[in-house]
Amino acid sequence: MYPCEICAAPLKEDSVVPGYQEPASYTILRCDNCFAMVSSPKRNDASVYEAIYGMHGGPPGYDRNFQYARCITKVRNPLSYLASRQDAFWGVERSLPETRKGRVLELGCGLGYLTYALRSAGYDAVGLDISTEAISKARARFGPFYVAASLEEYCARSADAFDAVILVEVIEHLEDPVSTIKSALRLLAPGGCLIATTPNRSYFGRRAPWTTDLPPVHLWWFSEESLTAMARSLGCDVSFVDFTEYNAEFPVLFKCGPPLEPMFDSEGKIVRCEAFPIAMARKMGILQESYRIVSRFVGRFWRQRSARRPTMVAQFTPIGPGSSD
């Protein structure tokens, strides 16, 4: 058994789970020191992402991304729209520098709607993604503010310095998140920060089994302790967004994660079943909005007094020059 890439403590076998696409299966390893979980094998599979982004409207769990991309140009305040619909965006908005609308790089921008929202809010934002298909769609819909390249390629050919680098629901997909964060930190201007959102194992507790998307979509499940250890190893301070205010307005209605069932069969067709009302609401494009309305209604009578959500938002701030090298 190899050591944890975050804190170097020994990993232990926790369980075996099916893959996001049949017939694969993965062993889940856990670290009892920093409480990260990682899949074995820890490899991306391009065919799975082709199935996800090739499906009209996206599969369950990804359909909201396609919905945001369709709706974002029709709202008055795109950044506030996103912040009111997903806790990760609310945390990003809270973490951005308040005193200046500076240069921002969204790393792993996908369909490009957050970069568009940031530009609409006055930030000089650029979106970067390795997917040429996603970047092509983002440029066609939102304008020429997107680059199709890997982070390594971008760093090699660009001397740009950013006041903030943002990774929304990205690091859990990466084979080597530590190296990616390290490279991204080099793009920061003095006083800049890196903002990363990711599913939060600390919310579910240290004994929780794998409760996030199945590998190879999610290869990691991080805790607050694991991101703190990562920041320390990279010469950074880290702070986490306090969701107390958000939880008071939009309490979490169900403390559960995705079912441990494959999403696709071997040919890329959906095999995971949903309850009929949920499936119909998703098909009609109203599932996410319905959840938001019900959550807000419940929030009027039940104040959820918690600083945590199933998603965490971490802000990495380099302690000194060269500390991330």
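A quick note: this is a predicted structure, and the numbers were derived from the prediction, not measured.
Taking every heavy atom of both residues into account, G19 and L214 meet most closely at O-CD1, 3.8 Å. The two atoms that bring G192 and P318 nearest to each other are O-CD, 3.7 Å, heavy atoms only. Considering every non-hydrogen atom in both F316 and L185, the closest pair reads CB-CD2, 4.4 Å. Of all heavy-atom pairs spanning E13 and V16, the tightest one is OE2-CG2, 4.5 Å.
At distances below 3.5 Å, at least one donor-acceptor pair connects side-chain atoms of T197 with backbone N or O atoms of E169. S39 places no side-chain N or O within 3.5 Å of a backbone atom of H218 that could act as its donor or acceptor partner. Q21 contributes a side-chain N or O that, together with a main-chain N or O of D265, makes up a donor-acceptor pair within less than 3.5 Å. S233 places a side-chain N or O within donor-acceptor distance of the main-chain N or O of M230, the cut-off being under 3.5 Å. Under a 3.5 Å cut-off, the side chain of D129 and the backbone N or O of G110 do form a donor-acceptor pair. For K101 (side chain) and A121 (main-chain N/O), a donor-acceptor pair under 3.5 Å exists by modelled atom type. H173 places a side-chain N or O within 3.5 Å of a backbone atom of V217 that can act as its donor or acceptor partner. Judged purely by atom type and a 3.5 angstrom limit, E175 uses its side chain to pair as donor or acceptor with the backbone of N44. Remark: the backbone N or O of V38 is not paired with any side-chain donor or acceptor of Y26 at under 3.5 angstrom.
Applying the side chain to side chain contact (heavy atoms under 4.5 Å, CB included) criterion to I270, with sequence neighbours excluded, gives M55, P59, P60, M263, F264. The salt bridge (Lys or Arg N to Asp or Glu O under 4.0 Å) search around E245 returns R94, not counting sequence neighbours. Contacts of R272 classified as salt bridge (Lys or Arg N to Asp or Glu O under 4.0 Å), with partners at least two apart in sequence or in another chain: none. With sequence neighbours excluded, the residues forming a salt bridge (Lys or Arg N to Asp or Glu O under 4.0 Å) with R30 are D14, D32, listed by chain and number. Contacts of E172 classified as side chain to side chain donor-acceptor pair (under 3.5 Å), with partners at least two apart in sequence or in another chain: T198. Taking the side chain to side chain donor-acceptor pair (under 3.5 Å) definition, one finds that K269 meets it with nothing, sequence neighbours left out. Checked against side chain to side chain donor-acceptor pair (under 3.5 Å), N65 has the following partners two or more places apart in sequence or in another chain: Y113. Legend: residues meeting salt bridge (Lys or Arg N to Asp or Glu O under 4.0 Å) with E5, ordered by chain and number and at least two apart, are K42. Qualifying side chain to side chain contact (heavy atoms under 4.5 Å, CB included) partners for A125, counting only residues two or more places apart in sequence or in other chains: V104, T115, L118, R119. With sequence neighbours excluded, no residue forms a side chain to side chain donor-acceptor pair (under 3.5 Å) with S266.
Between D163 and R103 no salt bridge is recorded (no basic side-chain N to carboxylate O distance below 4.0 Å). A salt bridge is defined here as a Lys NZ or Arg NE, NH1 or NH2 lying under 4.0 Å from an Asp or Glu carboxylate O, and E249 with R296 meets this definition.
Taken to the nearest 0.5 Å, the CG atom of L194 stands 8.0 Å off from the CG atom of L107. For the atom pair OG (S131) and CG (L111), the distance works out to 8.5 Å, reported to the nearest 0.5 Å. With rounding to the nearest 0.5 angstrom, the CG atom of L174 is 10.0 Å from the CH2 atom of W220. A distance of 9.0 Å separates OG1 in T317 from CD1 in I195, rounded to the nearest 0.5 Å. The distance from the CD1 atom of I72 to the CD atom of Q67 is 11.0 Å, given to the nearest 0.5 Å. The CG atom of L11 sits 5.5 Å away from atom SG of C4, with the distance rounded to the nearest 0.5 Å.
I130 and V170 fall into different hydrophobic clusters, where Ile, Leu, Val, Met, Phe, Trp and Tyr are joined by side-chain heavy atoms under 4.5 Å apart, directly or via other members. Linking Ile, Leu, Val, Met, Phe, Trp and Tyr whenever their side-chain heavy atoms come within less than 4.5 Å puts V75 and L114 in one cluster.
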*Apply side-chain contact (heavy atoms from CB on, under 4.5 Å) to the pair F240 and N200, showing each step before the final yes or no.*
CA-CA 11 Å; F240 297 94; N200 187 2; over 6 Å; no
*For the pair F250 and D87, evaluate side-chain contact (heavy atoms from CB on, under 4.5 Å) and give the outcome as yes or no after the intermediate values.*
CA-CA 9 Å; F250 298 104; D87 47 16; over 6 Å; no
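Under the salt bridge (Lys or Arg N to Asp or Glu O under 4.0 Å) criterion, the residue pairs touching residues 216-226 are R206-E225, E224-R308, with sequence neighbours excluded.
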With a 3.5 Å cut-off and sequence neighbours excluded, list the donor-acceptor pairs that the side chains of residues 135-145 form with protein atoms.
| from | atom 1 | to | atom 2 | distance (Å) |
| --- | --- | --- | --- | --- |
| K137 | NZ | E133 | OE2 | 3.4 |
| R139 | NE | Y146 | O | 3.0 |
| R139 | NH2 | Y146 | O | 2.8 |

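The only option from F35, W210, W221 that meets the ring-ring contact (aromatic ring centres under 6.0 Å, His included) definition with F204 turns out to be W221.
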